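Data first, discussion second: the structure below is written as structure tokens.
Keep in mind the model is a prediction, meaning the values are calculated, not measured. We name chains A, B, ... by the order of the sequence lines, and we start the count at 1 in each one.
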2 protein chains.
Amino acid sequence: MYSKAISKILWYAFCMEKLLNIQEMSKLIGLSTHTLRYYEKIGMLKGVARNEQGYRCYSEADLLWIQFLICLREMDMPISEMMHYSNLRTQGDSTVYERRVMLEAHQDKVVQQMNKLNENLGRIGAKIEHYKGLEKTVFCEK
Amino acid sequence: MYSKAISKILWYAFCMEKLLNIQEMSKLIGLSTHTLRYYEKIGMLKGVARNEQGYRCYSEADLLWIQFLICLREMDMPISEMMHYSNLRTQGDSTVYERRVMLEAHQDKVVQQMNKLNENLGRIGAKIEHYKGLEKTVFCEK
DNA sequence: GTACACCTTAGAGTGTACTCTAAAGCAATA
DNA sequence: TATTGCTTTAGAGTACACTCTAAGGTGTAC
């Protein structure tokens, strides 16, 4: 799941009970430090600990949550919706049902999107074949 | 492929050798008139005929090209890349190979994206199952 | 002790793809 | 002939998700 170098960071961090700084977390998950701060600023990423200097210290729980956020973003969930989900999560177990409904609704959207993508792949596949035919013709006539 | 109402427009338009105005084209393909003008302004949609009043008159060829543009957009091809494709097309048959290469490259991207989507669908699927379990527990304990 | 490389914040700037507005012209209807 | 509803254009505005900057603080290396 992670590269060797990154596994090493994780091992070092969590086995030695050290929290990650923003740079380490950024490298680990592939979001820029800017984006990590942005997600925190808009309230999508709450409760990140700070050290004596006010520097961010990310825990393993933060890591898991950020990975989940990335998963949602990769499925094109808008930030506004992710904020809503995040707020529900903050409210605790009473919102589990609502969260499930949200995820299921998004699941449906992604499935629809994939169907559309498949359909369009077929179309451009046909176009590619058509072009291959044209290329041959041009080649033979030369 | 089209709804009955829209098939009627098409029948009326092409069987009677009438060209479509911007409103009709907009309804037919599901892009706003704004977007149709925008695509023309940036040069992605060239050679749309005009009547004596300077109003746009879309041909069947325009329709097919716009549908292809929509297909590319639905597969998240950036406008800049679509512009490039459009420019190649304008240059004629000598660019067929380059166009095919572009389409194949994009095909690959879409396949990768779909793999990613599938992976993430698995993840949220697992989360949904987890939530279902939690919901049951809460229900039973009450 | 000073250079360098990190961290913090608020807030400004960017890129993409539209989306809308204002001002003006055309055409059918009351 | 005036209203309504369409069309045109250039150009301004919007939404989204970052991405960057400026100004200041901290910590280690020489």
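Contacts between residues 77-84 of chain B and DNA chain C, defined by a heavy-atom separation under 4.0 Å, are made by B:Pro78, B:Ile79.
Here the side chain of B:His106 pairs a donor or acceptor atom with the backbone of B:Met75 at under 3.5 angstrom. No donor-acceptor pair closer than 3.5 Å links the side chain of A:Lys27 to the backbone N or O of A:Glu24.
When rounded to the nearest whole Å, the span between CD of A:Glu40 and C1' of D:dC18 equals 16 Å. Computed from coordinates, the B:Leu69 CG to C:dA17 C1' distance equals 14 Å when rounded to whole Å. One atom, CE of B:Met25, and another, P of D:dT7, lie 13 Å apart when rounded to the nearest Å. Between the P atom of D:dT26 and the CD atom of A:Gln53 lies a distance of 8 Å, rounded to the nearest Å. One interatomic measurement links the two molecules: CD1 of B:Ile22 to P of C:dC26, which rounds to 18 Å at whole-angstrom precision. Rounded to an integer number of Å, the gap from CG of B:Asn51 to P of C:dG25 is 17 Å. A straight line from CG of A:Asp76 to P of D:dC16 spans 14 Å, rounded to a whole angstrom. Following rounding to the nearest Å, B:Glu74 (CD) and C:dA17 (C1') show an atom-to-atom distance of 15 Å.
Shown here for A:Leu121 and B:Met114, the closest heavy-atom pair between the two residues is CD1-SD, 3.9 Å.
In this structure, A:Trp65 and A:Tyr85 have parallel ring planes: the angle between them is below the 30° cut-off, well short of the 60° mark.
The closest side-chain donor-acceptor pair between A:Asp62 and A:Ser59 falls under 3.5 angstrom.
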Task: A:Glu119/A:Lys116 under salt bridge (Lys or Arg N to Asp or Glu O under 4.0 Å): CA gap, chis, key distance, verdict - done: CA-CA 5 Å; A:Glu119 198 183 297; A:Lys116 195 81 202 172; 3.8 Å; yes
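The side chain of A:Arg50 contributes no N or O atom lying less than 4.0 Å from OP1 or OP2 of C:dC7. A:Arg73 has a side-chain polar atom (N or O) that falls below the 4.0 Å cut-off from OP1 or OP2 of D:dA17. Dashed line: the shortest gap from a side-chain N or O of B:Arg37 to OP1 or OP2 of D:dG11 is not under 4.0 Å.
Residue A:Arg56 places its side chain closer to C:dT8 than to any other of D:dT19, C:dC6, C:dT8. Comparing D:dA17, D:dT7, D:dT21 by their nearest atom to the side chain of A:Tyr38 picks out D:dA17. The listed nucleotides are D:dT7, D:dT19, D:dT9; the one nearest the side chain of A:Thr35 is D:dT19.
Side-chain contact check for A:Tyr131 versus A:Ile128: every heavy-atom pair is 4.5 Å or farther apart.
For A:Tyr55 against D:dG25, a side-chain N or O and a base N or O form a donor-acceptor pair under 3.5 Å.
Of the two residues contacting DNA chain D, namely A:Glu52 and A:Met44, the nearest-nucleotide position lying further toward the 5' end is that of A:Met44.
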